[in-house]
Amino acid sequence: AQSVTQLGSHVSVSEGALVLLRCNYSSSVPPYLFWYVQYPNQGLQLLLKYTSAATLVKGINGFEAEFKKSETSFHLTKPSAHMSDAAEYFCAVSGNTGKLIFGQGTTLQVKP
Amino acid sequence: DAGVIQSPRHEVTEMGQEVTLRCKPISGHDYLFWYRQTMMRGLELLIYFNNNVPIDDSGMPEDRFSAKMPNASFSTLKIQPSEPRDSAVYFCASSSTRDVISYEQYFGPGTRLTVT
């Protein structure tokens, strides 16, 4: 069985500050992990994915995430927030079924 | 590629009416997923298909919901009769097992359904 927990349904940062969105997973098989972003009134788009090639994964728009097996975590970070980063972010896990299990999402607010 | 195409983008209907949502997956993708997104319940997987065959429909809320995939390039999600609590954004997504490293899903823009 697989599951994802996103800690914090809302995160607020100032423009230029560090962004940290937390994700912990549970998986009985080696996981593939994803971060998706959803801008208002749009579908989800892939930010980055972990597929066991490297534990530090770089994605689009300056985001990156680090896979830590010992902590079962896959937290998303960005060194400096921009107003355009305001969106909802979803962490997801897949095993070998073709199905993604999504977390509940974290809304990122960026204050000027 | 045009990406995943969904129609209509917005649908407003009255309670009791039949609603049909449509999806065209990315060409060559052999998985298709239907999701529902609401404020209360977040993003829920309703059903998914592999090679046009339904694999898991455990997320379909009740018998009023049905989904079909008559061929590799088209799928429908039907609600009959519709109820106000069905109001949500419905997403279709597709993926390919040719990408055997992961099952990255590509999402459509969604259909915003309002049932009055």
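Computation of the quantities below employed the complete heavy-atom set of this structure, encompassing side-chain atoms and omitting hydrogens, waters and symmetry-equivalent molecules. Here is the naming used below: chain letters follow the sequence lines, and residue numbers restart at 1 for every chain.
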Measure distances from [X] to the heavy atoms of chain A and classify the residue's part below 4.5 Å as side chain, backbone, both or neither.
X	answer
B:N50	neither
B:R41	backbone
B:Q37	side chain

Between [X] and [Y], is there a shared hydrophobic cluster once you connect ILVMFWY residues whose side-chain heavy atoms come closer than 4.5 Å?
X	Y	result
A:L18	A:L76	no
A:L33	A:L56	no
B:Y106	B:I47	no
A:Y89	A:V11	yes
A:I60	A:F63	yes

Would you mind checking which part of A:Q45 comes under 4.5 Å of any heavy atom in chain B, side chain (CB onward), backbone (N, CA, C, O), both or neither? neither

Side chain / backbone / both / neither for A:L44 at chain B, heavy atoms under 4.5 Å: both

Any side-chain heavy atom of B:L45 sitting closer than 4.5 Å to one from A:I101? no

Got B:Q105 and A:K99 here, is their nearest side-chain heavy-atom distance under 4.5 Å? no

Looking only at non-hydrogen atoms, find the nearest pair between B:L43 and A:F90 and report the distance. CB-CE2, 4.4 Å

Smallest heavy-atom separation, A:N41 atom then B:R9 atom, equals O-NH2, 4.2 Å

Heavy-atom pairs under 4.5 Å with chain A, option from B:G42, B:G110, B:A93, B:P109 with the top count: B:P109

Working to the nearest 0.5 angstrom, can you tell me the gap between [X] [atom1] and [Y] [atom2]?
X	Y	atom1	atom2	answer
B:F91	A:Q42	CZ	CD	9.5 Å
A:F102	B:Y35	CZ	OH	4.5 Å
B:E104	A:Y32	CD	OH	13.0 Å

For [X], look at atom [atom1] and say whether over 12 heavy atoms of other residues, nucleotides or ligands are found less than 6.0 Å away.
X	atom1	answer
A:R22	CZ	no
B:E14	CD	no
B:N71	CG	yes

Please walk me through it: do B:Y48 and A:L100 pass side-chain contact (heavy atoms from CB on, under 4.5 Å)? CA-CA 11 Å; B:Y48 76 100; A:L100 286 180; over 6 Å; no

